[in-house]
There are 4 protein chains.
Amino acid sequence: MNKPSKRQPGRPKTSDTSQNVKEQILALSSRLFMEHGYEKVSLDAIADACGVTKASVYYYFHNKAELFTASIVMLMGNVRHQTKLILDRPGSLPERLREVVRAYLQVRHSDFESMLREVRPHVTDEQMAAMRQAEGGIHELMAETFRDAMSKGEIGEANPLFLSHAFSALLMIGGRELETSPFSSREEAADAIVAFFCSGTHARDLME
Amino acid sequence: MNKPSKRQPGRPKTSDTSQNVKEQILALSSRLFMEHGYEKVSLDAIADACGVTKASVYYYFHNKAELFTASIVMLMGNVRHQTKLILDRPGSLPERLREVVRAYLQVRHSDFESMLREVRPHVTDEQMAAMRQAEGGIHELMAETFRDAMSKGEIGEANPLFLSHAFSALLMIGGRELETSPFSSREEAADAIVAFFCSGTHARDLME
Amino acid sequence: MNKPSKRQPGRPKTSDTSQNVKEQILALSSRLFMEHGYEKVSLDAIADACGVTKASVYYYFHNKAELFTASIVMLMGNVRHQTKLILDRPGSLPERLREVVRAYLQVRHSDFESMLREVRPHVTDEQMAAMRQAEGGIHELMAETFRDAMSKGEIGEANPLFLSHAFSALLMIGGRELETSPFSSREEAADAIVAFFCSGTHARDLME
Amino acid sequence: MNKPSKRQPGRPKTSDTSQNVKEQILALSSRLFMEHGYEKVSLDAIADACGVTKASVYYYFHNKAELFTASIVMLMGNVRHQTKLILDRPGSLPERLREVVRAYLQVRHSDFESMLREVRPHVTDEQMAAMRQAEGGIHELMAETFRDAMSKGEIGEANPLFLSHAFSALLMIGGRELETSPFSSREEAADAIVAFFCSGTHARDLME
DNA sequence: TATGAATGAGACTTCATTCAT
DNA sequence: GATGAATGAAGTCTCATTCAT
C-alpha cells in the first residue's frame with residue numbers, strides 16, 4: 001500500500017502556461033454553459049476544453065455552481081459592454097437595434113431564463129442574486145435606451161423594462177435552427193425582428 | 001397522493017386507472033418533462049409518479065427518448081386542440097389572443113426550443129421530425145389565424161409564420177418569476193403582451 | 001452519441017443468486033465496518049467482497065450511511081443474542097463473564113464509540129438514535145445481569161449501567177495487538193480481564 | 001484567532017509566533033489528529049489552522065504519515081510529562097489517580113488504539129515503532145507507579161503493565177457523550193472510574 | 001523559507017438500460 | 001402485462017503529493 005505506482009501525482013515537470021488559466025477557464029466554460037446549459041456541460045468537458053485536469057478547475061473554483069455563477073456574471077458583463085458600445089453609436093433606434101440583433105445572432109445561446117431555473121437547486125441565494133443582478137444590468141441598459149427614445153418621441157410611451165424583456169424574447173427567434181425558423185438567413189431574421197419590435201402587427205383596433 | 005379519495009359521485013372520468021396505463025404514463029411524464037426538462041426527469045421519478053415500476057415504463061416505451069417524443073407529441077396535440085377552441089370563439093383578434101395568453105400562463109413550462117436542443121443528442125432523426133411537426137401544427141394554426149386577420153384587414157401584411165413565432169416568444173415573458181418580471185400579476189402580463197404584440201413600440205420612423 | 005458501445009449495461013444473462021444478496025451485503029459490510037471503521041471501507045470494497053457491483057449495493061441501500069446503520073443494528077442484534085445465550089447458562093458470574101470475553105476476543109473490532117463519532121456527520125438523527133438503541137440493548141442486557149448478581153449478593157452494590165460500560169471498555173484491552181498487549185495469549189487476557197473486573201486493584205484504603 | 005489581543009503584560013510566552021513554525025504545526029496538528037483521527041484531518045485543514053499553505057507543511061514534513069508520527073510522539077511526550085507531574089505529588093494512590101482522570105477528561109480524544117490501526121497502512125515500520133514506544137512511555141510511567149504502590153502494600157499484586165492498560169481503557173468511559181454515558185457530570189465520572197479501578201465489582205467468590 | 005499551481009487516484013452517487021420470471 | 005434485481009458509464013468532488021519560483 002506504500003509502493004509508488006507507475007506515476008506519481010503532482011505538478012508536471014514543465015508546461016507553457018499560456019498566461020492566465022483562470023480567465024481561460026471562465027471564457028471557455030461560459031461559452032459551453034450558454035450553448036448547452038448547466039447540467040449538460042460536465043467538468044470533464046470543461047477541463048478537456050481548457051487543456052487542464054478536472055482537479056485544476058477545482059483549484060480555481062470550489063464547485064460547479066461557483067464556476068457557473070462566475071461564468072455567467074463575467075459573460076453578462078461582456079455582453080452589457082458590447083451592447084453599450086453598439087447603442088452609443090449615432091443613428092436611429094431601429095438602426096442601432098438591428099446592429100444589436102446581428103451581434104447576438106452570432107453566438108449560439110440557450111434561453112437564459114430556462115438556465116436560471118435549471119441551476120436554481122444548485123446555487124446559493126447569493127449566487128442567484130449575483131446572476132440576476134448581472135442580467136438586470138443588461139435590461140437596465142436597454143431600458144435606459146428606450147427611455148431616451150421615448151423622451152425624444154422616437155417611440156411611444158410604455159414600460160421600458162417590459163420593452164427590454166420583449167426585445168430579448170424576440171431575439172431568441174433568430175437563434176433557432178433554420179429548419180424550424182421562418183427565415184432563410186440571419187440578416188433577414190434581424191430585419192424582421194426589429195421591424196416587428198417597432199410596429200408589432202399593425203393591428204387596427206387597439207383593445208381598450 | 002395515490003390513495004383513492006372518498007369516491008366521487010357520478011360516472012368515473014375515464015374508466016378507473018387500471019385500463020390505460022400507457023396513457024397515464026404519457027400524461028404524467030409530459031407534465032414532468034415540460035416543467036423540468038429532459039435530463040432532470042429520471043425514469044425513476046416518472047415511474048414513481050405513475051405508481052408503477054421503472055421496468056413497466058420500459059414495457060410500454062423502448063427508451064427514454066421514445067417516451068419523451070411520445071409525450072411531447074401528445075402534449076402538443078392537446079395544446080393545439082385547446083388553442084383552437086379558444087381561437088374559434090367570436091371576438092376581435094386581440095381579445096382572443098388575450099385568452100390564449102391567459103391559458104398559457106397557467107401552466108409552468110420551460111422554453112420549448114431549449115428542450116429540443118437538449119434532447120437532440122438522444123433522439124433519432126425521425127423522433128426529432130415528429131416533435132417538430134407536432135410543434136409546427138400549433139404554429140400552423142396560429143399562422144392560419146393571422147392570415148385570416150390579414151385578409152380581413154385586422155392586422156397589417158406580414159409573414160404569418162413569423163408572427164406565430166414572435167407570439168410564442170413573447171409568451172415566455174409572462175412565465176417568468178415575479179421577482180424578475182416587470183409585471184405584478186398574470187393579468188397585467190397578459191394585457192401588456194398582447195398590446196405589445198399588436199402595436200410594438202409605436203416607432204415613428206419605420207425603417208425602409 | 002447514440003452508437004451502442006462494446007457492452008450494454010443491464011442485468012447479466014445468468015447468475016446463481018446464492019440466496020439472499022441483501023443479507024449477504026449486510027453480513028460482509030458489518031464485518032468490514034467493525035474491523036476498519038466507516039471511512040476506510042469503500043463501497044467498492046464492499047461490492048467486491050460481495051461479488052456484486054457498487055450499483056447493486058445502492059439498489060438495496062440508498063447510501064453509505066444507511067448501509068452502515070443497517071449493518072450496525074443487525075450486528076448489535078446478533079451480539080446481543082449471542083451474549084444472552086452465554087449469560088443464560090448456569091455458573092457463577094465470573095465464569096460466565098469469562099465466556100463472554102472469550103467470544104468477543106475472537107472477532108476483531110474497533111472501538112465502537114470512536115466509530116459512532118466518526119459517522120456522526122454522515123448519518124441522520126434517526127439513524128444515530130437507531131444505532132444508540134441497538135448498542136443500548138446490549139448494555140441493558142449486561143446491566144440486567146449485574147442487577148441480578150447484586151440481588152444475590154454475588155457482587156457489591158454499584159450502578160449496573162456503569163459496570164456494563166466498564167466491562168466493555170476492558171474488553172478492548174484484549175483485542176490489542178500482541179505486540180503492545182501485556183498478554184501472551186487470548187486465554188490469559190480473558191482471565192486477567194475478568195479477574196480485574198471482579199476485584200480491581202485490591203486497593204487497601206478506599207477513598208471517601 | 002490569529003489577531004494579537006490587547007497584549008498581555010509580562011514576558012511573551014514563547015517568542016512570538018514567527019520563530020518556530022514547525023513547532024506550531026506540530027502543536028495544532030496533534031490536537032486535530034487526536035480529536036478527529038488520521039483520515040478525517042486533511043492537510044488543507046492543518047495548513048489552514050496554522051495560517052500557512054499546504055506546501056509549507058510539506059516543507060517541514062515529507063508526507064502526512066511523517067507529520068502524524070511526529071505529532072503523536074510529541075503529544076505523548078507531553079502527556080507523559082504532565083502525568084508524571086501529577087503522580088509525583090504527595091497523596092494516596094486513589095487521590096492521585098483521580099487527578100489524572102480529571103486532567104484527561106478535559107481533552108477530547110479518540111481511542112488511541114483505533115487510531116494506530118487506522119494509520120497502519122500509511123506508516124513505515126519505523127514510524128509505527130516510534131509511536132508505540134511513545135505510547136509505551138506512558139504505560140511504563142503508570143506501571144512504575146503501580147509497582148511502587150504494590151511494594152508499599154497499597155494495592156494487591158498484579159501485572160503492573162496490565163493495570164496501566166486497564167486504567168487507560170476505563171478512562172475512555174468518561175469521554176463519552178452525556179447522552180450515552182451513565183454519568184451526569186465529569187466529576188462524578190472521575191470518582192466512579194477510580195472507585196471501580198480500585199475495587200472492581202467487589203465480587204464475593206474469586207475464581208481460582 | 002515559503003508558496004501558487006497542478007495533478008492522478010479514488011470516493012460517493014445517479015441513471016438509463018437489460019434480463020429472467 | 002408487470003416487475004425485481006442487476007449493471008456499466010458517467011458525474012461531482014476530495015485529497016495527498018509534486019514542481020518551479
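Since this is a predicted model, take the numbers as computed values, not measurements. The chains referred to below are lettered A, B, ... by the order of the sequence lines, with proteins before strands, and numbering in each begins at 1.
- Side chains of C/Met34 and C/Met115 form a contact here, defined as non-hydrogen atoms less than 4.5 Å apart.
- In this structure, of F/dA2, E/dC19, E/dT7, it is F/dA2 that holds the atom nearest to the side chain of B/Val21.
- Identified under the salt bridge (charged side-chain N to carboxylate O under 4.0 Å, His left out) test for residues 28-43 of chain A, with sequence neighbours left out: A/Glu39-B/Lys40, A/Lys40-B/Glu39.
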Using atom types as modelled, flag every donor-acceptor pair under 3.5 Å from a side chain in residues 61-75 of chain B to any protein atom, sequence neighbours excluded.
| from | atom 1 | to | atom 2 | distance (Å) |
| --- | --- | --- | --- | --- |
| B/Asn63 | OD1 | B/Ala65 | N | 3.4 |
| B/Asn63 | OD1 | B/Glu66 | N | 2.9 |
| B/Lys64 | NZ | B/Tyr38 | O | 3.0 |
| B/Lys64 | NZ | B/Val41 | O | 2.9 |
| B/Thr69 | OG1 | B/Ala65 | O | 2.8 |
| B/Ser71 | OG | B/Ser29 | OG | 2.7 |
| B/Ser71 | OG | B/Leu67 | O | 2.9 |

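- If D/Ser56 and C/Ala55 are placed on DNA chain E by their nearest nucleotide, the residue sitting closer to the 5' end is D/Ser56.
- The interatomic distance linking B/Lys22 (NZ) with F/dA2 (P) rounds to 12 Å, in whole Å.
- The side chain to side chain contact (heavy atoms under 4.5 Å, CB included) search around A/Tyr59 returns none, not counting sequence neighbours.
- Sequence order on DNA chain F of the closest nucleotides to B/Lys54 and C/Lys54 puts B/Lys54 first from the 5' end.
- Near DNA chain E, defined here as any heavy-atom distance below 4.0 Å, the residues from residues 32-51 of chain C are C/Val41, C/Ser42, C/Leu43, C/Asp44, listed numerically.
- Take D/Ser114 and apply the side-chain hydrogen bond (donor to acceptor under 3.5 Å, both in side chains) test, not counting sequence neighbours, and it matches D/Asp111.
- Salt bridge present: D/Arg132 and D/Glu113 bring a charged side-chain N and a carboxylate O closer than 4.0 Å.
- The stretch residues 57-73 of chain D comes close to DNA chain F through D/Tyr58, D/Asn63, D/Lys64, each having a heavy atom under 4.0 Å from the strand.
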Pairing annotation in dot-bracket form, given for DNA chain F with Watson-Crick or G-U pairs under 3.5 Å and | for cross-strand partners: .||||||||||||||||||||
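- Listed by chain and residue number, B/Lys54 satisfy the salt bridge (charged side-chain N to carboxylate O under 4.0 Å, His left out) test with B/Asp44 (two or more places apart in sequence, or in another chain).
- The side chain to side chain contact (heavy atoms under 4.5 Å, CB included) search around A/Ser56 returns A/Val52, A/Thr53, not counting sequence neighbours.
- To the nearest angstrom, C1' of E/dA2 lies 15 Å from CD of D/Gln24.
- At least one donor-acceptor pair closer than 3.5 Å links the side chain of D/Gln127 to the backbone N or O of D/Thr124.
- Listed pair B/Thr53 / F/dA2 fails the phosphate criterion, with no side-chain N or O lying under 4.0 Å from OP1 or OP2.
- Inter-residue side-chain proximity for C/Arg117 and D/His36 is flagged as unmet; no heavy-atom pair is nearer than 4.5 Å.
- Within the 4.5 Å cutoff, side-chain heavy atoms of D/Ile46 are placed close to those of D/Leu32.
- Per the geometry, CG belonging to A/Asn20 stands 15 Å off P belonging to E/dG4, to the nearest Å.
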